[in-house]
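First the structure, in the form of structure tokens, and then the observations on it.
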Amino acid sequence: VQLQASGGGLVQPGGSLRLSCAASGSIFKIDDMGWYRQAPGEQREFVAVITGGGSTNYADSVKGRFAISRDNAKNTTYLQMDSLKPEDTAVYFCYIRIGFFYWGQGTQVTVSS
């Protein structure tokens, strides 16, 4: 199983980015799909998750600004990030859970003017 994350970049405060994470390999059914992030010098922290049934959960710091979704036909999850703030700057890691957890390689998001 491999995960390929994309969509990171440099954006001004108040801007938007959309991250994608596509899973490939021997996959029958994905349970949870989600995102964590890690800022320089900080621990990795939870951002958002979407279950196989479509339920979502978000970190308090991103509620109302970020939206997670998934396309089961493509084994892909998306993270729409709006109203970005400098404190959202981090490397964003996607993951899936199919019994075990699998992680993507991370994509850099930088929010700066």
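- Atoms CG and OG1, from Leu79 and Thr107 in turn, are 11.0 Å apart once rounded to the nearest 0.5 Å.
- A side-chain donor from one of Ser16 and Asp82 sits under 3.5 Å from a side-chain acceptor of the other.
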Working note: Tyr92 + Tyr36, criterion side chain to side chain contact (heavy atoms under 4.5 Å, CB included); need CA distance, chi angles, decisive distance, verdict.
CA-CA 6 Å; Tyr92 284 69; Tyr36 275 66; over 6 Å; no
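- Between the OG atom of Ser20 and the CG atom of Leu3 there is a distance of 12.0 Å, given to the nearest 0.5 Å.
- In terms of heavy-atom proximity, Leu17 sits nearest to Leu84 at N-CD1, 3.8 Å.
- With rounding to the nearest 0.5 Å, the separation of CG in Asp32 from CG in Asn57 is 10.0 Å.
- Expressed to the nearest 0.5 Å, how far CZ of Arg70 lies from CD1 of Ile30 amounts to 6.0 Å.
- One finds the CD atom of Glu45 at 5.5 Å from the OG atom of Ser61 (value rounded to the nearest 0.5 Å).
- In terms of hydrophobic clustering, with Ile, Leu, Val, Met, Phe, Trp and Tyr side chains grouped at heavy-atom distances under 4.5 Å, Val111 and Val47 are assigned to a common cluster.
- Thr76 places no side-chain N or O within donor-acceptor distance of the main-chain N or O of Asp71, the cut-off being under 3.5 Å.
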Under the side chain to side chain contact (heavy atoms under 4.5 Å, CB included) criterion, do Thr51 and Asp31 qualify, and how do the steps go?
CA-CA 6 Å; Thr51 69; Asp31 295 319; over 6 Å; no
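- Between the Gln105 side chain and the Ala5 main chain, a donor and an acceptor come within less than 3.5 Å of each other.
- The closest side-chain heavy-atom distance from Met81 to Val109 is below 4.5 Å.
- With respect to Asp88 and Lys85, no salt bridge is recorded, no charged nitrogen being found less than 4.0 Å from a carboxylate O.
- Closest approach of Ile96 and Met33 over heavy atoms only: CG2-CE, 3.8 Å.
- What you find for Ala59 and Phe46 is that their closest heavy atoms are CB-O, 3.4 Å.
- Counting only distance, with no hydrogens or angles, the side chain of Tyr58 and the backbone of Ile68 share a donor-acceptor pair below 3.5 Å.
- Other residues, nucleotides and ligands place more than 12 heavy atoms under 6.0 Å from the CD atom of Glu87.
- Between Tyr102 and Phe100, the ring-plane angle classifies as perpendicular under the 30° and 60° cut-offs.
- No more than 12 heavy atoms of other residues, nucleotides or ligands lie within 6.0 Å of CD in Gln2, so this atom counts as exposed by the packing criterion.
- Closest of all the heavy-atom pairs between Arg65 and Ser83 is NH1-O, 3.0 Å.
- The hydrophobic cluster containing Val91 also contains Trp103, counting ILVMFWY residues as joined when their side-chain heavy atoms lie under 4.5 angstrom apart, directly or transitively.
- Taking the six-membered ring for Trp and the full ring otherwise, Trp35 and Phe66 have centroids separated by 6.0 Å or more.
- Residues Val62 and Arg37 share a closest heavy-atom pair of CG1-NH1, 3.9 Å.
- Taking all atoms of both residues into account, the shortest heavy-atom contact from Ile50 to Ser69 is CD1-CA, 4.0 Å.
- Taking the centre and axis of the six-membered ring of Phe93, the NZ or CZ atom of Arg44 falls inside the cone set by 45° and 6.0 Å.
- Side-chain N or O atoms of Ser112 include none that pairs as donor or acceptor with a backbone N or O of Thr110 at under 3.5 Å.
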